[in-house]
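So the structure is just underneath, and the comments pick up after that.
To find a chain, count down the sequence lines: A is the first, B the second, and so on, and within it residues start at 1.
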There are 2 protein chains.
Amino acid sequence: MKNQDFINKLRNSGLRPTKQRIKICEALFNTEKTFHFTVNDLAKMMQKNFNEKISLATVYNTLHAFKKKGYVKEISLGNDKSYFDTNISSHHHFYDTKTNELIDIDSSKIELKNIPNPPKGKSIKEIDVVINVENDSQ
Amino acid sequence: MKNQDFINKLRNSGLRPTKQRIKICEALFNTEKTFHFTVNDLAKMMQKNFNEKISLATVYNTLHAFKKKGYVKEISLGNDKSYFDTNISSHHHFYDTKTNELIDIDSSKIELKNIPNPPKGKSIKEIDVVINVENDSQ
DNA sequence: CTTCTACTTTAGACTGATTATAAACTGATA
DNA sequence: TATCAGTTTATAATCAGTCTAAAGTAGAAG
Ligand SMILES: [Mn+2]
Ligand SMILES: [Mn+2]
Ligand SMILES: [Zn+2]
Ligand SMILES: [Zn+2]
């Protein structure tokens, strides 16, 4: 995917293709594999790998905008900070509670049976399965 | 359960039965049903319902001590703050993302099939299923 | 090309949950 | 009763995330 594609993608979804947003698109979507990251991870990555100092506020703004457009997902865990995910397919995670490492599990890999009915008046939006793991002691 | 039972419970697990811990035990474990709460919820509850002003730091200390002893569980969600749970059985949750309300789902209600093997060298500690729900619009 | 304006970016202030500190207090033991 | 490690507490510190208001910029219009 080239620069111009991101510009179109942004414009088509009503986001002005600013220098910062385009660079962040490159960082997030010009990759072999999807990945998980924190806001700080991304801010540092932009600086180091893309030579682009983007203010933290803008990184937050952009990620929230991208999330609203469905370009990234946000994941919350036992941690204090939240993670973003460029894998936007419905999927689950292994989560290493010691290292904070996240590993995808394809949605089709786990079968959920007998999901109970939601409380009256509410409907299910999404189901998150987190399998907490830890290094074998010894 | 009476006061003396909590004193024994605390002593048996190596926690000094202080006035604050005993009162918190009463608040948490002298109930019909288990429940979910935040640190602030509990601090306020102690003041209002138990006429016991306990410093926030102590509430944190106590909850973390109780968690380590397995008397409560901690639940992390998309929220900024974390929740505690007096239901220490292995179970899952409905989570209303708008109201932050948590509702228990008995572990036996949901059947998880084909759980993939954890990454090499890691083993599964716990599986959390969160079913995000929302009020039916209209 | 220049002007105009709404949308963006930004530094820095602010918030709110949680943790750290260090002094005062207290349960257990002798 | 004296002693002391474990506890409580007020308060400061931390840290992710949000807010603000000023400066910058993309895009439209002339
Ligand atoms: Mn967020
Ligand atoms: Mn905690
Ligand atoms: Zn993922
Ligand atoms: Zn629960």
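- Contacts of A:Glu111 classified as salt bridge (charged side-chain N to carboxylate O under 4.0 Å, His left out), with partners at least two apart in sequence or in another chain: none.
- In terms of the side chain to side chain contact (heavy atoms under 4.5 Å, CB included) criterion, residue partners of A:Lys81 (sequence neighbours excluded) are, by chain and number, A:Thr38, A:Asn79.
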Review item, nucleotides 26-30 of chain C N/O atoms under 3.5 Å of protein N/O:
from: C:dA28; atom 1: OP1; to: B:Arg11; atom 2: NE; distance (Å): 3.1
from: C:dA28; atom 1: OP1; to: B:Arg11; atom 2: NH2; distance (Å): 3.0
from: C:dA28; atom 1: OP2; to: B:Arg11; atom 2: NH2; distance (Å): 3.2

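- A donor and an acceptor atom, one from each side chain of A:Thr97 and A:Asn132, are nowhere located under 3.5 Å apart.
- The nearest whole Å value for the distance from the CG atom in B:Leu77 to the C1' atom in C:dA17 is 15 Å.
- Rounding to whole angstrom units, OH of residue A:Tyr60 and C1' of C:dT8 are separated by 18 Å.
- Taking only side-chain nitrogens and oxygens, A:Ser82 comes nearer than 4.0 Å to OP1 or OP2 of D:dG17.
- Partners of B:Lys98 by side chain to side chain contact (heavy atoms under 4.5 Å, CB included), not counting sequence neighbours, listed by chain and number: B:Asp96, B:Glu134.
- Listed by first and then second residue, the side-chain hydrogen bond (donor to acceptor under 3.5 Å, both in side chains) pairs that reach into residues 20-34 of chain A are A:Asn3-A:Glu26, sequence neighbours excluded.
- In this structure, A:Ile22 atom CD1 and D:dA26 atom P are separated by 9 Å, rounded to whole Å.
- Residue B:Asp41 contributes atom CG, which lies 11 Å from atom P of C:dT18 at whole-angstrom precision.
- Checked against ring pair (Phe, Tyr, Trp, His ring centres under 6.0 Å), B:Tyr71 has the following partners two or more places apart in sequence or in another chain: B:Phe66.
- The CG atom of A:Asp41 sits 7.5 Å away from atom OH of A:Tyr83, with the distance rounded to the nearest 0.5 Å.
- Using a 4.0 Å cut-off, no side-chain N or O of A:His64 falls inside it from OP1 or OP2 of D:dG17.
- At whole-Å resolution of the value, NZ in B:Lys68 and P in D:dT7 are 11 Å apart.
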Short heteroatom pairs, N/O only, protein and nucleotides 10-14 of chain C, under 3.5 Å:
from: C:dT10; atom 1: OP1; to: A:Gln20; atom 2: NE2; distance (Å): 3.3
from: C:dT10; atom 1: OP2; to: A:Ser55; atom 2: N; distance (Å): 3.2
from: C:dT10; atom 1: OP2; to: A:Thr58; atom 2: OG1; distance (Å): 2.8

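- Listed nucleotides C:dA17, D:dA16, D:dT8 differ in distance to B:Asp80; the shortest reach to its side chain belongs to C:dA17.
- Evaluation of the side chain to side chain contact (heavy atoms under 4.5 Å, CB included) rule for A:Pro17 yields A:Ile7, A:Leu10, A:Arg11, A:Ile22 as partners, not counting sequence neighbours.
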Show me, pair by pair, the donor-acceptor contacts under 3.5 angstrom made by side chains of residues 49-57 of chain B, not counting sequence neighbours?
from: B:Glu52; atom 1: OE2; to: B:Lys19; atom 2: NZ; distance (Å): 3.3
from: B:Ser55; atom 1: OG; to: B:Thr58; atom 2: N; distance (Å): 3.2
from: B:Ser55; atom 1: OG; to: B:Thr58; atom 2: OG1; distance (Å): 3.2

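- Spacing between atom CZ of B:Arg21 and atom C1' of D:dG6 amounts to 8 Å, rounded to whole angstrom units.
- Between the CZ atom of A:Phe66 and the P atom of C:dT8 there is a distance of 11 Å, rounded to whole Å.
- With rounding to whole Å, A:Lys81 atom NZ is found 16 Å from D:dT14 atom P.
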